[in-house]
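Sequence positions, counted from 1, serve as the residue numbers for this chain.
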Amino acid sequence: MSMHRPSGCPSCAEPLEEGDRFCGVCGAPVSAASPPESRDDPTLPIPPLPAAPPAPAAPAPPAAPPAPAGPTGGYALAEPAPGWGSVAAGSAPTLVGEADGWSVPSEPAPAPGPEAAAVPPQGSSYGASEPAYGSAPEPAHGGGEIRHDRPGSTPTPPEGTPWGAPEAPYGGAGPGHEDPYGSATAQGGAPAGDGGKTCVACRAGRVDTDGYCEHCGHAQPRERDHLEEELGSVAAVSDRGLRHHRNEDSFAVAATALPDGSAATVAIVCDGVSSASRPDEASAAAAGAANEALLEALPRGAHPQEAMHDAILAAAAAVNALAPEVPGAQNAPACTLVGAVVSGEVLTIGWVGDSRAYWVPDDRSALPRRLTEDDSWAAQMVAAGLMGEAEAYADVRAHAITGWLGADAYDLEPHTASFKPDHAGVVVVCTDGLWNYAESAQEMALVLPVDAASRPLHSAQVLVGHALDGGGHDNVTVAVVPFAAPADPAAASVSAPPAGAQAEPQTEAQPER
């Protein structure tokens, strides 16, 4: 019986076992196979049941449907930003004096609308051994290097999530924040089952209530691992980075109306101090408190510089409230803060710590500026004339901060400064997780896309991607705030500094404290 039995299915060549009457893959009867042309018809095998009639001839199996195409993966490499040309000597924003005499302009500054951002590839994973946000590009896109700072040109879906298909946040991202992970449907449109979230690793399994994929066991990213928000002409992105186990940064962006009806834009960025306890809670509390204080003070007509000063004090009080009841039981929560307010023709900056704000003109032949001065050991050494800048920042103590928000902080000294730029540009507000990879104002301007004023969310994504490509050693948070040029040419002349007070072309504007 077995001497004439084929070793594989005549239809699909699937290996057979003794006693199989039908193929386990395609279902074709084994006994009805066509004999090879080189030999006579073999004797039909006798079925186990004597009464069973011979099996009818098997119909040809239907052609297998083509496998669905997977995601292409990778970003299409965009052209790099143009190099620096001539340097305009008077291009830096003009420092405004004291708050006395400040008046809000009658016409609001036009806020350019954001354009569609780019859609990156699917299948990102934070739990992999080498976290990445996209797979290698196809050969048609230029080969295999993964770049985080060059999103492609595919338009953003209507929901506005730029990192993949529209997805519901895993665990809930909170009001206003975009969390690009978690999804109600698996890739390809198949439901994950019971309305559950889809695994970010395998894109097929359902995420259990414990935060792990039932299919591959992959732990899902937490709510704050990657957050994005775009509000009018201001946008912010925060990412855990590639080395930290959690995201200890936080941000807040908002818009409000001034008493004269013009608009004011607010961006706050905070960086939790990792050596303190609960740094993630400290940064979230500070960002929320400062944002609320500004939204309460600006509509009342408070000067933006005074409002920023009071907002930093409110943020400090919120962080102090997190301190343990028993002094010395543990390190008090702490964080740094930097904020920007664009109100009419005035740009106001406030900060404590080493988070920074940069001014980048739309005209890239003009000179960019760093608008803040670090509260750090290296900055103190340079300011005191004890060390040169290169030597100070090469020291292992360079990034030790000398100012922060927290119950164990020294005398709190909020720094504030107001400027009147006479040309259009953007303000980049960021933590050291970004500026460690683009420290000077010129380096930051080279990384920032040239269309940052019209695409702030896309630009924030590019900046975060630049830090990830550089190693992502720290949490990365950045807010991009466009600043429109004054509509009235006479207003620009008001912003010119007094005679003899203009800074040198290569000297960064020194804000008042």
Sequence neighbours left out, what passes side chain to side chain donor-acceptor pair (under 3.5 Å) with D395? Give chain and number order. R397
Taking D280's backbone N and O only, do any of them form a donor-acceptor pair with R224's side chain (distance below 3.5 Å, no angle check)? yes
In the structure I gave you, are the side-chain heavy atoms of L298 and S343 within less than 4.5 Å of one another anywhere? no
Could you grab the distance from atom CG of D474 to atom CG of N247, nearest 0.5 Å is fine? 9.0 Å
Taken to the nearest 0.5 Å, the spacing of E229 CD from L231 CG works out to 6.5 Å
Pairs satisfying side chain to side chain donor-acceptor pair (under 3.5 Å), at least one member in residues 287-302, at least two apart: E296-R300
Note, V478 side chain near V429 side chain (heavy atom, < 4.5 Å): no
Can you name the residues that form a ring-ring contact (aromatic ring centres under 6.0 Å, His included) with H473, not counting sequence neighbours? none
Will you find, in the side chains of T431 and D249, an N or O donor that is under 3.5 Å from an N or O acceptor? yes
Hey, mind stepping through L371 and F419 against side chain to side chain contact (heavy atoms under 4.5 Å, CB included) and telling me if it holds? CA-CA 9 Å; L371 303 178; F419 304 89; 4.0 Å; yes
On a heavy-atom basis, which atom in G339 and which in I268 lie closest, and how many Å separate them? CA-CD1, 3.7 Å
Working for side chain to side chain contact (heavy atoms under 4.5 Å, CB included), residues L347 and S418: CA-CA 6 Å; L347 166 62; S418 290; over 6 Å; no
V481 vs V426 side-chain heavy atoms within contact, under 4.5 Å: no
Ignoring hydrogens and angles, tell me if any N or O in the side chain of N331 forms a donor-acceptor pair with the backbone of A276 under 3.5 Å. no
Sub-3.5 Å donor-acceptor pair from the side chain of H309 to the main-chain atoms of P414, do we have one? no
Is there a donor-acceptor contact under 3.5 Å linking the side chains of S250 and S283? no
Can you check whether R455's main-chain N or O pairs, donor with acceptor, with S459's side chain at less than 3.5 Å? yes
Might you point out which heavy atoms bring A392 and M381 nearest each other, and give the distance in Å? CB-CB, 4.4 Å
Derivation of the side chain to side chain contact (heavy atoms under 4.5 Å, CB included) call for V269 and L337: CA-CA 6 Å; V269 168; L337 181 147; over 6 Å; no
Classify the angle between the aromatic ring planes of H415 and W351 as parallel (below 30°), tilted (30 to 60°) or perpendicular (above 60°). tilted
So, for Y410 and W404, is the gap between ring centers shorter than 6.0 Å? yes
Counting distance only, does the side-chain N/O of N475 pair as donor-acceptor with the main-chain N or O of R246 below 3.5 Å? yes
Do side-chain atoms of R240 reach the backbone of H226 as a donor and acceptor pair under 3.5 angstrom? no
What distance separates F483 CZ from H423 NE2, expressed to the nearest 0.5 Å? 9.5 Å
Short side-chain to backbone donor-acceptor contact, D271 and T336, under 3.5 Å: no
Give a yes or no on whether a salt bridge exists between D374 and R356, defined as a side-chain N under 4.0 angstrom from a carboxylate O. yes
Residue pair A311 / L294: nearest heavy atoms and the distance that separates them: CB-CG, 3.7 Å
Just verifying a value: how many Å separate L367 CG and R364 CZ, rounded to the nearest 0.5 Å? 12.5 Å
Can you tell if the side chain of P421 reaches within under 4.5 Å of the side chain of W359, non-hydrogen atoms only? yes
CG/L434 to CG/L468 distance, rounded to the nearest 0.5 angstrom? 10.0 Å
Does T402 form a side chain to side chain contact (heavy atoms under 4.5 Å, CB included) with Q380? I'd like the steps, not just the answer. CA-CA 9 Å; T402 57; Q380 283 192 345; 3.6 Å; yes
I'd like to check L227 versus V237 (side-chain heavy atoms, cut-off strictly below 4.5 Å). Are they in contact? no
Please answer whether the main-chain N or O of S440 pairs with a side-chain N or O of E443 as donor and acceptor at a distance below 3.5 Å. yes
Check whether any side-chain heavy atom of L322 lies under 4.5 Å from a side-chain heavy atom of R278, and answer yes or no. yes
So, for A452 and P482, which heavy atoms are closest and what is the spacing to 0.1 Å? O-CG, 4.5 Å
Check whether any side-chain N or O of W377 sits under 3.5 Å from a backbone N or O of V396 as a donor-acceptor pair, and report yes or no. no
Does the Y437 side chain pair with the main chain of D469, one donor and one acceptor, at a distance under 3.5 Å? no
Starting at OH of Y358, measure out to CE of M444 and round the result to the nearest 0.5 Å. 4.5 Å
Classify the ring geometry between H399 and Y393 as parallel (under 30°), tilted (30 to 60°) or perpendicular (over 60°). perpendicular
Side-chain H-bond candidate by donor/acceptor type, Q305 with T348, under 3.5 Å: no
